[in-house]
Amino acid sequence: MFFLPIKRIKQKNESMLFMPELPEVETVRRAMAAHLIGRRIIRVQTSNKRLREPLPKPRLKALAGVSFTCAERRAKFLLLHLDDGQTLLVHLGMTGNLVFRQATEKHDHVIFELDGGLSLVYADPRRFGMVLVCSAAELAASPYLNRLGVEPLDDAFNLEFLWSHCKGRERPIKNMIMDSHVVVGVGNIYASEALFNAGIRPTVAAKRLSKVRLGRLVEAIKAVLRDAIQAGGTTISDYLGDGSGGRFQQSLAVYGRTGQGCLVCERPVQAMVMAGRSTFYCSGCQK
DNA sequence: AACCGCGCCTGTTCGC
DNA sequence: TGCGAACAGGCGCGGT
């Protein structure tokens, strides 16, 4: 039994909040690839709660007897392929988690009892996530997957790509990089962090940014996501070793640090709301 | 066409 | 002290 390393964000009050972004989802995918593939489902139990989509209970329960063959990630979706040709399409939403454990907890929504006595649990207190069963045809036609932008860590996400999207666009650069039809997996936290690292103020109109600065932003996005995945991957081996449930913690330069000194220039970190989302930046380091 | 704001959810924290 | 409001955010959708 082990725990998955979901990043915990420190709030003003020192309490912690789960927030799966792309690095966390990739970390979960790697854990599934390592420990779920090849296992057979003995029985499936579900809650009666509605997630983002209603749970397909009959189709979930009908999975008894099939085995997991492959774990993929697309954006923040997990694609857990099965040997009957179907795929579990899982999104962790804001508070979802896939974890191996025996004891049932309050917010468990799907429990896959596996051969070997292990259980895989989908838990999600705020129920922003989803667990769907898709045939190959349904997966290929899925509206959730079809309109997604490029993967930020793919070569296709590069300066030319971002520049072509920013050209002539009035919208703020933060909204642009958080638009999943453009580039996927850049959530609210990493958007603020990447813009800080690139020295770009989140409010700047996309079309005002030079190619040089957009190039810095592309690299900052890739770097912050790569670093976070690296850290998540490190903790996986840790908690497998001693079962202590290691937690991946990201050191954040601006996110959630309103009023605290910038780590570079010591000016107080500014907070504002953009497109309904809290946004953080340093007025000294970001222009 | 481009792009913003809303609503879904619950646990935690804040203010009165 | 108790209770309601505010807040956290991914993402599709409706509206401008």
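In what follows, every heavy atom counts, from backbone to side chain, and hydrogens, waters and symmetry copies are set aside. Naming convention: chains lettered A, B, ... in sequence-line order (proteins, then strands); numbering from 1 in each chain.
Ser192(A) and Lys174(A) form no side-chain donor-acceptor contact under 3.5 Å, judged by distance and modelled atom types alone.
Judged purely by atom type and a 3.5 angstrom limit, Arg201(A) uses its side chain to pair as donor or acceptor with the backbone of Ser283(A).
For Arg277(A) and dC11(C), the CZ to P distance is 11 Å, given to the nearest whole Å. Distance NZ (Lys167(A)) to C1' (dA1(B)): 16 Å, rounded to an integer number of Å. Counting to the nearest Å, the C1' atom of dC4(B) and the CZ atom of Arg171(A) are 9 Å from each other. For Arg147(A) and dC13(C), the CZ to C1' distance is 10 Å, given to the nearest whole Å. If you take CG of Asp108(A) and C1' of dT10(B), they are 15 Å apart, rounded to a whole angstrom. Counting to the nearest Å, the P atom of dG10(C) and the CG atom of Leu145(A) are 18 Å from each other.
Between His91(A) and dC11(C), a side-chain N or O to OP1/OP2 separation shorter than 4.0 Å is present. Residue Lys106(A) has no polar side-chain atom (N or O) positioned under 4.0 Å from OP1 or OP2 of dT10(B). Taking side-chain N and O atoms only, Arg126(A) has no distance below 4.0 Å to OP1 or OP2 of dG11(B).
Between Lys76(A) and Glu24(A) no salt bridge is recorded (no basic side-chain N to carboxylate O distance below 4.0 Å). Between Lys49(A) and Asp124(A), no side-chain nitrogen of the basic residue sits less than 4.0 Å from a carboxylate oxygen of the acidic one, so the salt-bridge criterion is not met.
In terms of position on DNA chain B, the residue among Arg52(A) and Arg127(A) whose nearest nucleotide sits closer to the 5' end is Arg52(A).
With dG10(C), dC11(C), dA8(C) as the choices, the nucleotide that has an atom nearest any side-chain atom of Met178(A) turns out to be dG10(C). The side chain of Phe128(A) lies closest to dC9(B) when the candidates are dA8(C), dC3(B), dC9(B). Of the candidate nucleotides dG10(C), dC9(B), dC4(B), dC4(B) has the atom lying nearest to any side-chain atom of Asn175(A). Candidate nucleotides dC4(B), dT10(B), dC11(C) were compared by shortest atom distance to the side chain of His107(A), and dT10(B) ranks first. Each of dC4(B), dG10(C), dC11(C) was ranked by its minimum atom distance to the side chain of Phe77(A); first place goes to dC11(C). The side chain of Lys76(A) lies closest to dG10(C), out of dG10(C), dA8(C), dA2(B).
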